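None of these values were measured; they are calculated from a predicted model. Just follow the structure's listing: the first ligand is 1, and inside any ligand the first atom is 1.
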Amino acid sequence: MAAFWKKIRSDFPIVKKTLYLDHASAGPIAKPVAEAYAEYAQNHLNRADECWPAWVRRREEVRALAAKFIGAKPQEIAFTSSTSHGMNMIAELLSKKGGVLMNTAEFPSSSVPWLWRKARVIFQDAPHGQVPLEILRKKLNSKIKTIVTSWVQYASGYRQDLVALGKMKGDRFLVINSTQGLGALKADVEKWQADFLCTNSYKWLMGGYGGGLLYVREKWLKEMPPLSAGWRSIQQADRMDNQRVDLRQDAGRYEWGCPAFPVIFALGAAMNYLMQIGRERIEERILELTRQTRLMLSEADFEVLSSEYHLSGITVIKLPRAQHVARQLLSEGIYVSARGPGIRVAPHFYNTFEEIETLVAQLKRIRSKSASGLKKHAA
Ligand SMILES: Cc1ncc(COP(=O)(O)O)c(C=O)c1O
């Protein structure tokens with residue numbers, strides 16, 4: 001197995017120059033994704049709209065792949081430009097349907113679309129970015145009609161138990177921001193009883209910037225028409241009838257104008273690549289890297305802030321002057337992020353245990369350097 005992961009590193013030329021542990025900010029693209037971009041560019045350069053029918057077919061293949069990737073049906077998937085875009089489409093449907101429960105640790109993409117629409121948002125406290133379901137359960141009164149949650153919290157790595165949350169939600173809408181999980185962990189909207197999900201393409205999916213997915217449960221497509229529409233939200237859009245508004249039945253109604261083909265194809269290549277490796281295998285590998293990171297850090301006497309029971313691809317280490325530490329690491333070619341009271345480490349499957357050792361060794365060096373600096377200062 002070690003040989004398998006070693007070989008896969010050749011798909012990520014970034015490893016030659018940097019130690020990249022920042023997939024929670026943005027991932028690199030793998031070689032097959034770069035090839036999808038290049039192929040699209042060649043086709044557009046040489047053939048332009050001669051390719052339109054083939055591009056539309058390819059988009060539908062990617063839609064089917066995306067559905068499989070999250071356990072949905074193709075008609076429940078729309079292509080978007082970002083998590084924020086998807087969340088706005090969801091808030092558009094639900095913001096007037098009663099109270100919305102979320103937690104104070106959510107990334108603003110989860111909250112702003114609801115607040116902007118003046119939805120009745122109730123924020124549950126999330127000390128240290130942790131969102132225990134026992135606390136959430138106590139907040140679930142009859143006024144709450146929607147629960148919004150990230151699958152994995154961006155600043156703590158806390159992975160929500162979505163199967164348990166799905167069982168707990170009752171007749172409320174469950175809305176999932178899967179940005180920090182999808183591509184690293186195996187998703188299943190059916191098992192979660194999710195009603196809506198949104199995500200982007202550029203983090204753990206490693207599909208590059210500009211893309212995203214929106215999932216809308218089929219039942220809600222039937223019952224809730226969107227507030228916004230464009231010419232391609234309409235059935236048989238190519239007839240260009242400007243007097244009719246018979247809406248598409250599927251989630252494609254959220255794709256208002258002509259498709260962002262290169263972005264969709266890149267996302268398709270990324271999901272295809274991840275599926276070939278195997279989503280279970282990727283999840284196991286990432287969780288093993290996380291466990292090893294925790295172990296090496298605790299052996300070196302660093303405090304880990306992330307929960308040991310809700311593991312994801314993200315580990316946050318408590319460190320004074322986190323911004324400064326992140327800059328120091330960067331000067332050594334190590335990419336991590338400063339988040340809140342610490343450093344966020346987010347390896348993907350192609351990273352190695354040796355790379356984590358290198359990170360911890362550098363953290364120890366920075367710590368002892370600043371301790372000796374402090375001593376000198378005090379002297
Ligand atoms: C949980 C979460 N949601 C959303 C985003 C941002 O997504 P977008 O720019 O696609 O709206 C981030 C970025 O860090 C995030 O961590």
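Among protein heavy atoms, atom 16 (O) of ligand 1 sits closest to Gln180 NE2, 2.9 Å. Protein heavy atom at the shortest distance from atom 13 (C) of ligand 1 is Lys203 NZ, 2.9 Å. Among all protein heavy atoms, the one lying closest to atom 4 (C) of ligand 1 is Ser109 OG, 3.3 Å. Atom 1 (C) of ligand 1 has Asn177 ND2, 3.5 Å as its closest protein atom, hydrogens excluded (heavy atom only). Among all non-hydrogen protein atoms, the one lying nearest atom 15 (C) of ligand 1 is Phe107 CG, 3.5 Å. Nearest to atom 11 (O) of ligand 1 among the protein's heavy atoms is Ser84 OG, 2.5 Å. Closest protein heavy atom to atom 8 (P) of ligand 1: Asn200 ND2, 3.6 Å.
The distance from atom CG of Leu197 to atom CD of Glu76, rounded to the nearest 0.5 Å, is 11.0 Å. The distance from atom CD1 of Ile90 to atom CG of Asn177, rounded to the nearest 0.5 Å, is 8.5 Å.
Salt bridge status for Lys222 with Asp250: absent, with no side-chain N to carboxylate O gap under 4.0 Å. Glu218 and Lys73 are joined by a salt bridge, as a carboxylate oxygen and a charged side-chain nitrogen come within less than 4.0 angstrom of each other.
Separation of the His23 and Tyr350 ring centroids falls under the 6.0 Å cut-off. A ring-centre distance under 6.0 Å is found for Trp52 and Phe261.
Annotation: Tyr202 places an N or O atom under 3.5 Å from an N or O atom of ligand 1; distance criterion only.
Within ligand 1, counting atoms from 1 as listed, the ones closer than 4.0 Å to a heavy atom of Ser150 are 1 (C). Short contacts between ligand 1 and Tyr154, defined as distances under 4.0 Å to a heavy atom of the residue, involve ligand atoms 16 (O).
For Glu223, the salt bridge (charged side-chain N to carboxylate O under 4.0 Å, His left out) partners are Lys219, not counting sequence neighbours.
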